[in-house]
Every structure is written in structure tokens, then in C-alpha cells.
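In what follows, chains carry the letters A, B, and so on, assigned in the order in which the sequence lines appear, proteins first and then strands, with residues in each chain numbered from 1. Atom set for the values below is all heavy atoms of this structure, side chains included, hydrogens, waters and symmetry mates excluded. Keep in mind it's a predicted model, so treat the numbers as computed, not measured.
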Amino acid sequence: MMTMEILHARFAARLSERLVLLDDLLGRLDSTRAIADAERLFHSLVGSGGTYGFPEITRVAREAEELCGRLKRRALARPEDIAALRALVDRLAELRPVTSDT
Amino acid sequence: VTSIARCPSCLKPFDALKAGWCACVAKQPSPVCPSCSTCLCKLPSAKQSEFWINAPEQLLRQRASASSRRLIREVDAGGGDRRRVLIVDDDESIRLIAAFRVETMGFDVATASNAREALELLDRQWFDVVITDALMPGMDGRDLCRRIKNRQPSIRVIVMTSLYTAARYKMEAHRQFGADEYLTKPIEFGVLQRALERLSPGQMTGTAAAR
């Protein structure tokens with residue numbers, strides 16, 4: 001395997017792990033700590049998505065990060081906010097790169 | 001995460017971190033079984049993927065370094081005075097790809113997962129350029145930049161952050177933290193290469209980086 005292939009496969013695997021974590025966090029988004037954790041995970045995807053050549057992952061993750069930022073400031077996540085974040089997580093799952101191993 | 005591989009031939013498990021590297025695939029070396037000398041290149045592609053996806057970062061870095069060194073040797077025969085770059089980021093995905101790409105530009109690269117680890121490395125080794133993420137848990141990249149400039153002002157520092165926060169930090173980076181260059185994430189490697197060439201003139205980047 002070429003090194004770049006390995007790096008892309010690892011990125012896809014780590015993205016899957018982060019989406020599982022985000023799915024779990026969205027089920028208990030009842031504290032500013034949980035919102036901050038979700039924001040941090042989205043922030044990480046903002047940086048890594050485009051760096052690996054997936055600008056749409058960066059765009060969707062940034063939208064989610066900004067929404068988390070707003071929720072953190074008002075220390076409240078309403079059901080419609082959580083639904084919006086869940087839709088963005090679903091979108092990120094659709095954007096997950098397909099590799100020979102995933 | 002595991003560095004334990006199973007030999008595709010004798011089926012014995014071995015620690016890839018302690019194994020040698022094969023030369024059978026010119027630019028993509030794999031660990032060699034210490035018992036029977038068969039390398040992991042002989043594994044089916046899916047098994048290779050599975051191993052590398054779960055391998056520790058250190059092993060992947062060793063492989064990427066070996067791979068990029070072979071690539072550079074091929075292009076810039078004779079080597080030259082390779083400049084040293086330290087990449088600091090709390091995201092393993094970013095560290096790995098940035099290290100590989102910067103190595104293929106012809107630099108020697110080390111990585112750190114946080115500012116404290118970076119400062120420890122800087123105490124022991126010389127680096128020409130430090131590339132640091134701005135936002136990290138604990139001491140962030142801006143404080144790291146300030147500390148480096150206080151201790152070793154000749155080390156050039158590139159601070160990176162996401163576009164979302166870019167406008168706010170761009171001026172701050174120069175005014176308060178003494179950064180030599182300010183770049184945005186996602187990383188554009190062409191932009192990063194030009195910045196490294198500006199900050200580290202004389203580096204033999206050649207055509208390796210364009211590959």
C-alpha cells in the first residue's frame with residue numbers, strides 16, 4: 001500500500017470513530033461540557049477534512065462547529081438544535097471517504 | 001492500536017516496531033518477520049489495510065519517513081543540508097499527513113502532540129521551523145509561539161488555525177505572539193511549502209515536493 005492510501009484509510013477509520021462519539025454526545029447534549037466536547041470534535045474535522053482533500057467535510061463540520069458555538073454561548077440545546085446537528089452528522093457519514101477497507 | 005503483526009508466511013506474531021524494513025517495494029517499505037524474513041508486503045491488500053489502520057502512530061511515522069527519504073534520495077541524489085521542522089498538533093490525522101508531506105518536501109520532521117511535548121523536544125534538539133496548531137488543549141499554539149520566541153528567537157514559527165477563526169487571529173499572531181507566518185487550516189500544502197521556502201532559504205526541496 002502507498003503511504004497516502006494508508007493515511008486516507010486511517011483518516012476514514014478515525015472519522016467513523018468520531019461520528020460514533022458525536023452520535024453518543026448528541027444523545028446527551030444537556031451540558032455546556034457536552035456541547036464543548038462536540039464542538040471540539042467538529043473543529044478537528046474542520047481542519048482535517050480539507051487537509052485530506054475533502055473540502056465538503058470541512059464545510060459541513062464548520063457549520064456544525066458554529067452551531068455548537070452558538071449553543072455553548074446560550075448554554076442550551078433545544079430539540080431542533082440537536083436535530084440540526086444530527087442531520088449534519090448524518091451528512092458527514094455520507095461524506096466519509098470510501099477506501100478499499102471501509 | 002497494535003504494532004503486533006502476524007507473518008503472512010510462518011504465521012508467527014511479531015512486534016513491527018522492533019522489526020526491520022523490507023526493500024522489495026521500492027518506495028513503500030514494510031516490516032519484516034524476524035523469524036522467516038517475509039515482509040508484510042506479502043499480505044493480501046485488505047489485511048495490509050487492516051494492519052496499517054490500527055498500527056501505532058510511531059510505526060506509521062517510521063514507514064512514512066523511510067518512504068519519503070527514498071523518494072527524496074531518488075530525486076535529489078546527494079542529499080544536502082536538510083532543515084529540521086517540528087510539527088505540533090493535537091490531531092493525529094493532521095500530524096501524520098503533514099509530517100509525510102513536509103518530509104517529501106525534503107525536510108527532516110519530528111512531531112509533537114501538544115505544546116509541552118514540543119518544548120521538551122526543543123530543549124533537546126535544534127529545529128529551524130516549528131509549525132504549530134493555534135488551538136490545542138492545555139497550552140495553545142500561540143503561547144507556544146511566544147515561549148519559543150522568548151527562548152530561541154531565531155527559530156521560525158508558523159501558526160495554523162481554521163478559517164473560522166483566521167481573521168481574528170491573523171493580526172494577533174503577528175502582534176502578540178511573534179509568529180513568522182500565519183496559515184489557515186485546512187492545510188494547503190503548496191502554500192505551506194512556499195512558506196517553508198521563505199522561512200528556510202537554501203532548503204533543497206527540488207521536485208520531490210511536487211510529486
Engineer: Taking atom types as modelled, is there a side-chain donor on B:S93 or A:R10 under 3.5 Å from an acceptor on the other?
Structural biologist: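 Absent: no donor and acceptor within the cut-off.
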Engineer: Within this structure, what is the CG-CG distance for the pair B:L60 and A:L7, rounded to the nearest 0.5 Å?
Structural biologist: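 It comes to 5.5 Å.
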Engineer: Please check if the number of heavy atoms outside B:R116 that lie under 6.0 Å from its CZ is greater than 12.
Structural biologist: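 No, not enclosed.
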Engineer: Rounded to the nearest 0.5 Å, what separation is found between the CD1 atom of B:I187 and the OG atom of A:S48?
Structural biologist: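 If I round to the nearest 0.5 Å, the distance is 9.5 Å.
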Engineer: When rounded to the nearest 0.5 angstrom, what is the spacing between CD in A:E5 and CH2 in B:W52?
Structural biologist: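 That separation rounds to 13.0 Å.
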Engineer: Would you compute the distance between atom CZ of B:R63 and atom OG1 of A:T3 and round it to the nearest 0.5 angstrom?
Structural biologist: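 B:R63 CZ to A:T3 OG1: 4.5 Å, rounded to 0.5 Å.
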Engineer: CG of B:L96 to CZ of A:F11: how many Å apart, nearest 0.5 Å?
Structural biologist: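 The distance works out to 12.0 Å.
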Engineer: Closest heavy-atom contact between B:P186 and A:V46?
Structural biologist: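 In this case the closest contact between B:P186 and A:V46 is CG-O, 3.5 Å.
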Engineer: Between B:D91 and A:R40, does at least one N-O distance fall below 4.0 Å, as a salt bridge requires?
Structural biologist: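 No salt bridge links B:D91 with A:R40.
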Engineer: Just how far is it from atom CD of B:E92 to atom OG of A:S44, taken to the nearest 0.5 Å?
Structural biologist: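 It comes to 10.5 Å.
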Engineer: Could you look at A:T58 and say if it's the side chain, the backbone, both or neither that has a heavy atom under 4.5 Å from chain B?
Structural biologist: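 The answer is the side chain of A:T58.
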Engineer: Show your working on side chain to side chain contact (heavy atoms under 4.5 Å, CB included) between A:I6 and B:Q48 and close with a plain yes or no.
Structural biologist: CA-CA 9 Å; A:I6 292 172; B:Q48 285 189 51; over 6 Å; no
Engineer: Examine whether an atom of B:E188 lies under 4.5 Å from a heavy atom of chain A, and if so say whether it belongs to the side chain, the backbone or both; otherwise answer neither.
Structural biologist: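 For B:E188, there is no contact with chain A at all, as no heavy atom is under 4.5 Å.
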Engineer: Around atom CZ of A:R86, are there more than 12 heavy atoms from other residues, nucleotides or ligands closer than 6.0 Å?
Structural biologist: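 Yes, the 6.0 Å shell around CZ holds more than 12 heavy atoms from other groups.
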Engineer: Can you confirm whether B:Q125 is buried at CD, in the sense that more than 12 heavy atoms of other residues, nucleotides or ligands lie under 6.0 Å from that atom?
Structural biologist: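 Atom CD in B:Q125 is packed in, count exceeds 12.
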